[in-house]
Amino acid sequence: MTQNPTKHTKVLIIGSGPAGYTAAVYAARAMLKPILVHGIEPGGQLTTTTDVENYPGFAQVIQGPWLMDQMKEQAQAVGTEMIQDHIKSVDLKKTPFQAVGDSGQMYTADSIIISTGAQARWLNIESEQKFRGFGVSACATCDGFFFKDKTVAVVGGGNAAVEEAMFLTKFASKVQLIHRRDSLRAEKMLQSKLMANKKIEIIWDSVVEEVIGENDPKNVKGLKIKNVKTNKIDELKIDGLFIAIGHDPATQLFKDQLDMDKEGYLTTKSDSTETNIPGVFAAGDVKDKIFRQAVTAAGMGCMAALEAEKFLSH
């Protein structure tokens, strides 16, 4: 196999999704001829979300995968080169920056926009993965609506878990919060709101052992949970399970080169997408653990492209 010559670009965008695609649209319109490298399933977390009702500009419900296809096509139409590859290493210590793909392709770039996103953490039990998307979800704001007047469970004990449980009470008739310890990590104010909510029951010292459901059609019927102190196994009847045990940003690639917080999210300058290395920018869930919305990711993608353009013009 002959080695492809090095591909050089003014702007290399690593990762797709709302942040990467929006950055590509802005960079391409600025005549920077960006290259966007995406993995085998482009579009990020939105491709696992069906009904999107909160993206501005659409009065009717739209589909997550469709929205991502539209953004991708828009970025291509204005002049973005899309390449399917997986970046396995980067060197940000010298300019032009270098990146190497699994394909063996070497990329060099005058600036880089990182939009590799984050992934929800799962319990990683077989039954959970089997019913993922069929009653098991990692996003209450995405899927809560489908559980009107039903019973749901939330797993976790931090702010996210408490917020998801509270949010789900808008739809569900009962919410059971399952936590492996005997106290929550969430902020005290959130905890008192949670305790005051009549629809929520907390199940302490417990872990989910198995998701019980039917195969045809696929749906969730209940859970087997184990008390970690007594080892006693109980069965709960529920219609949906929400996993809220945190997210992992896809930043392994940048360890020891870019500043990140203790959870691995890239840190950027205030009111900016610029990382600690001038010319390297981060946008979307890879740096945002607070909002995690398609619209905020897209906004940051726009910022990153404008900042990259300014950087390149100096």
message: Can a donor-acceptor pair be found, under 3.5 Å and without considering hydrogens, that links the side chain of Gln45 to the backbone of Ala118?
response: yes
task: Check the hydrophobic clustering (I, L, V, M, F, W, Y; side-chain heavy atoms under 4.5 Å; chains of links allowed) and say if Met31 and Val11 are grouped together.
output: no
task: Let me see the working for Leu194 and Met166 under side chain to side chain contact (heavy atoms under 4.5 Å, CB included), right down to the final yes or no.
output: CA-CA 7 Å; Leu194 180 87; Met166 306 273 294; 4.1 Å; yes
task: Find the distance between CD (Gln176) and CD1 (Ile225) and round it off to the nearest 0.5 Å.
output: 7.5 Å
task: For Thr169 and Phe167, indicate whether the former's side chain and the latter's backbone hold a donor-acceptor pair under 3.5 Å.
output: no
- line: On a heavy-atom basis, the closest approach of Tyr26 and Ala305 is CB-CB, 3.5 Å
- prompt: Roughly how far, to the nearest 0.5 Å, is CD1 of Ile62 from CG of Leu46?
  reply: 8.5 Å
query: Side-chain contact, heavy-atom cut-off 4.5 Å: His8 with Asp110?
result: yes
- prompt: For the side chain of Thr267 and the backbone of Asp259, is there at least one donor-acceptor N/O pair under 3.5 Å apart?
  reply: yes
Determine all donor-acceptor pairs shorter than 3.5 Å in which one atom belongs to a side chain in residues 83-94; sequence neighbours excluded.
unit_1: Asp85; atom_1: OD1; unit_2: Asp102; atom_2: N; d: 3.3
unit_1: Asp85; atom_1: OD1; unit_2: Ser103; atom_2: N; d: 3.2
unit_1: Asp85; atom_1: OD1; unit_2: Ser103; atom_2: OG; d: 3.4
unit_1: Asp85; atom_1: OD2; unit_2: Ser103; atom_2: OG; d: 2.6
unit_1: Asp85; atom_1: OD2; unit_2: Tyr107; atom_2: OH; d: 2.7
unit_1: His86; atom_1: ND1; unit_2: Asp102; atom_2: OD2; d: 3.2
unit_1: Asp91; atom_1: OD1; unit_2: Lys93; atom_2: N; d: 2.9
unit_1: Asp91; atom_1: OD2; unit_2: Lys94; atom_2: NZ; d: 2.6

Ile113 vs Thr273, side chain to side chain contact (heavy atoms under 4.5 Å, CB included): CA-CA, chis, key distance, verdict: CA-CA 9 Å; Ile113 295 172; Thr273 62; over 6 Å; no
- prompt: Within the side chain of Thr22, is there an N or O that forms a donor-acceptor pair under 3.5 Å with the backbone of Ala19?
  reply: no
message: Before you tell me yes or no, could you show the steps for Phe134 and Val220 under side chain to side chain contact (heavy atoms under 4.5 Å, CB included), namely the whole-Å CA-CA distance, both residues' side-chain angles and the distance that decides it to 0.1 Å?
response: CA-CA 7 Å; Phe134 298 94; Val220 171; 5.9 Å; no
query: So do the side chains of Glu53 and Gln60 get within less than 4.5 Å of each other, counting heavy atoms only?
result: no
task: Could you check Thr268 against Phe281 for side chain to side chain contact (heavy atoms under 4.5 Å, CB included), going step by step and ending with a plain yes or no?
output: CA-CA 8 Å; Thr268 56; Phe281 306 90; over 6 Å; no
- prompt: Is Lys170 close to Phe147 at the side-chain level, that is, under 4.5 Å between some pair of heavy atoms?
  reply: no
query: Which heavy-atom pair separates Ile114 from Ile112 by the least distance, and what is that distance?
result: CG1-CG2, 3.9 Å
Of all pairs that satisfy salt bridge (charged side-chain N to carboxylate O under 4.0 Å, His left out), the ones with a partner from residues 261-280, not counting sequence neighbours: Asp261-Lys289, Glu263-Lys289, Lys269-Glu274
field: Name of the residue among Val155, Val175, Leu177, Val154 meeting side-chain contact (heavy atoms from CB on, under 4.5 Å) with Phe242
entry: Val154
- request: Using a strict 4.0 Å threshold on nitrogen-to-oxygen distance, state whether Glu210 and Lys224 make a salt bridge.
  value: yes
- prompt: Parallel, tilted or perpendicular: which describes the rings of Phe58 and Tyr55, with under 30° parallel and over 60° perpendicular?
  reply: tilted
- prompt: If two hydrophobic side chains count as joined below 4.5 Å and joins carry through other members, does Ile35 share a cluster with Phe97?
  reply: yes
Interatomic distance, Ile178 atom CD1 to Ile203 atom CD1 [nearest 0.5 angstrom]: 5.0 Å
- prompt: Do Met303 and Leu306 come close enough that some side-chain heavy atom pair is under 4.5 Å?
  reply: no
Side-chain donor or acceptor of Thr251 paired with backbone N/O of Gly264 under 3.5 Å: yes
query: How many angstroms lie between CG in Asp248 and CG in Asp285, if you round to the nearest 0.5 Å?
result: 12.0 Å
- request: Assess the side chains of Glu41 and Thr47: does a donor N or O sit below 3.5 Å from an acceptor N or O?
  value: no
- prompt: Is the shortest side-chain N to carboxylate O distance from Asp182 to Lys229 below 4.0 Å?
  reply: yes
- prompt: In Å, rounded to the nearest 0.5 Å, how long is the span from CG of Leu223 to CD1 of Ile212?
  reply: 7.0 Å
query: Counting only N and O atoms by type, is there a donor-acceptor contact under 3.5 Å from the side chain of Ser16 to the main-chain atoms of Gly43?
result: yes
- request: Give a yes or no on whether Ile200 and Ile245 share a hydrophobic cluster (residues Ile, Leu, Val, Met, Phe, Trp, Tyr; joining criterion: side-chain heavy atoms under 4.5 Å apart).
  value: no
task: Find the distance between CD (Glu164) and CG (Asn159) and round it off to the nearest 0.5 Å.
output: 11.5 Å
- prompt: Can Val25 be reached from Leu36 by stepping across I, L, V, M, F, W or Y side chains whose heavy atoms are under 4.5 Å apart?
  reply: no
